[in-house]
Number of protein chains: 2
Amino acid sequence: MKAYLLQTLKELALLGALRERVEISSLELAKQLQTSQQTASRYLLELDEEHLIKREHGIKKQLIMITSEGAHHLEAEFIDYQHIFSLKEEIVFVGTVISGLGEGTYYTSQKGYLEQFKKKLGFTPYPGTFNVRIDPVERNKLRLLKNFGKGVDIESFESNKRTFGSVSCFLGEVDGIEGAIVMPKRSHYSEIIEFISPIYVRGRLNIKDGAPIEIRIYLEETLPEEPLR
Amino acid sequence: MKAYLLQTLKELALLGALRERVEISSLELAKQLQTSQQTASRYLLELDEEHLIKREHGIKKQLIMITSEGAHHLEAEFIDYQHIFSLKEEIVFVGTVISGLGEGTYYTSQKGYLEQFKKKLGFTPYPGTFNVRIDPVERNKLRLLKNFGKGVDIESFESNKRTFGSVSCFLGEVDGIEGAIVMPKRSHYSEIIEFISPIYVRGRLNIKDGAPIEIRIYLEETLPEEPLR
DNA sequence: ATTACTAGTAAGCGAGTAT
DNA sequence: TATACTCGCTTACTAGTAA
């Protein structure tokens, strides 16, 4: 998303356009953004084209409201700032359940991974991964996770004459089931999040493909409680 | 501030550059920003020129840290987002005490204003205003105030054959002294904030020009407490 | 009043490359 | 490896103005 569009969207949000239709002229918006009327008008056109706002033309001014897609961008931005100023302790990914290609079972059955999971994560995962497709706008949360999350590194190893790459894990939960997400280190951000757990998640949740789901990742390590004396 | 520079600054902050020097190459930054190495390099040059970051060149990569000026921009942005998502109940302006030109005394002595202050703000101000020069980066808080603050409108009136313009007031306090800031409606955002109070602020605080000061403005109206039955 | 098109100018971009 | 310069191309800007 272009930086100036985000800025414009934020400005509209400040005027209340997340909650209601806001009446504003391109000239008024231009003053807020310290630019010309023409540029503000163009920004609004671009935001509209990208479905980040919805407009209705009144007789004079226009009524503008931010769409849910636009709101997602602002939320993502807010999360970034919360992290910058260390105010949040978890990241929630929203997505839909999908089926994997069975690869998850292959990888999570490798002894080289299993031993490390047991040792470093504290549990032996059920074979296979619980896969969730996240919205593309959620991907910057993945980046945040890499930068801020307390990742657990699982090292690469060799087995059967091939190499199994190193992965990062982040502890979290899906609908109350504790586990961790697994991210290959040498790969770009994907739209799929893979979750492992000692429990067979799909069975426990009795859930179908396409169902909405949330994965919650803990950013702070859970500190053991100090016993009262 | 250019939108893309803010975005870059935010990215550096996410990498921890608010707290410590961060080692990053222009290519790595470019990947984060989804742009080219050349552009990332140019962004860093621009941020440096504007004193928003400080750089040290290592043998390979460079060490980057965000300056306090850069941090202010990020804080201001964070405040904006907090307001968008309704998480803050006050705005604090940081500035330095300055002397006015005596105009404050003239205006605050006008009967037309005095009657409205008494009626709408609940107090009769001491003649004169307590003036604070705010940092230019604080000005977007003024804009926030106009959009979100529970402003009290003081209407224009005529007296002695001239017109006294309408002003907006926002209740707040300076160092524990309750009062309100006064902003002319028909004027651009200024670097000076004028504070009125039933008490002679300068005398009470025994403060000199140039001294650092905070003005706290309440965003939510203080609701009267419900008596317990 | 508005919005937004046209057109000329300015700013931003990244491939190539020097250092 | 790095950073950052040049330069040709693209994108973004605003004055003027139509609708």
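Every heavy atom of this structure was used, including side-chain atoms; hydrogens, water molecules and symmetry mates were not.
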| said: Both B/Tyr43 and B/Gln37 contact DNA chain C. Taking the nearest nucleotide for each, which residue is further toward the 5' end? | reply: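 Its nucleotide being nearer the 5' end, the pick is B/Tyr43.
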| message | Checking contacts here: which listed nucleotide (D/dT14, D/dA12, C/dG12) is nearest the side-chain heavy atoms of B/Lys2? | response | C/dG12
| Candidate nucleotides D/dC13, C/dT3, C/dG14, ranked by approach to the side chain of A/His57 - the nearest | C/dT3
| query | Looking for any heavy atom pair under 4.0 Å, which part of the strands does A/Thr39 touch: base, sugar-phosphate only, or nothing? | reply | base
| message | Under 4.0 Å, heavy atoms only, any strand: does A/Ser25 hit a base, just the sugar-phosphate, or nothing? | response | sugar-phosphate
| said: Donor-acceptor check, side chain of B/Thr39 to backbone of B/Thr35, threshold 3.5 angstrom: yes or no? | reply: no
| field | Under 3.5 Å donor-acceptor, A/Ser25 side chain and A/Lys61 backbone | value | no
Rounded to whole angstroms, how far apart are [atom1] on [X] and [atom2] on [N]?
X	N	atom1	atom2	result
A/Leu27	D/dT14	CG	P	12 Å
B/Gln34	C/dG12	CD	P	20 Å
B/Ile24	D/dA2	CD1	P	12 Å
A/Asp48	C/dT3	CG	P	13 Å
B/Glu46	C/dA11	CD	P	11 Å
B/Glu28	D/dT1	CD	P	13 Å
B/Arg55	D/dA2	CZ	P	15 Å
B/Tyr4	C/dG14	OH	P	12 Å

| Taking the six-membered ring of B/Tyr218 as reference, does the NZ or CZ atom of B/Arg216 fall below 6.0 Å from its centre and within a 45° cone about the axis? |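 B/Arg216 over B/Tyr218 ring: no.
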| task | Record whether the side chain of B/Gln38 comes under 3.5 Å of the base of C/dG12 through a donor-acceptor pair of N or O atoms. | result |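 Answer is no: no donor-acceptor pair is held.
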| field | Presence of donor-acceptor pair under 3.5 Å, side chain of B/Gln62 and base of D/dA2 | value |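 For B/Gln62, whose side chain was compared with the base of D/dA2, there is no donor-acceptor pair (under 3.5 Å).
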| message | Check this for me: does any side-chain nitrogen of one of A/Lys119 and A/Glu115 sit under 4.0 Å from a carboxylate oxygen of the other? | response |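 The answer is no: the pair does not qualify as a salt bridge.
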| task | Could you tell me whether B/Glu155 and B/Lys185 have a side-chain N and a carboxylate O separated by less than 4.0 Å? | result | no
| task | Return the 5'-most residue of the pair B/Leu45, A/Arg42 with respect to DNA chain D, ranking by each residue's nearest nucleotide. | result |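 Comparing both residues, the 5'-ward one is B/Leu45.
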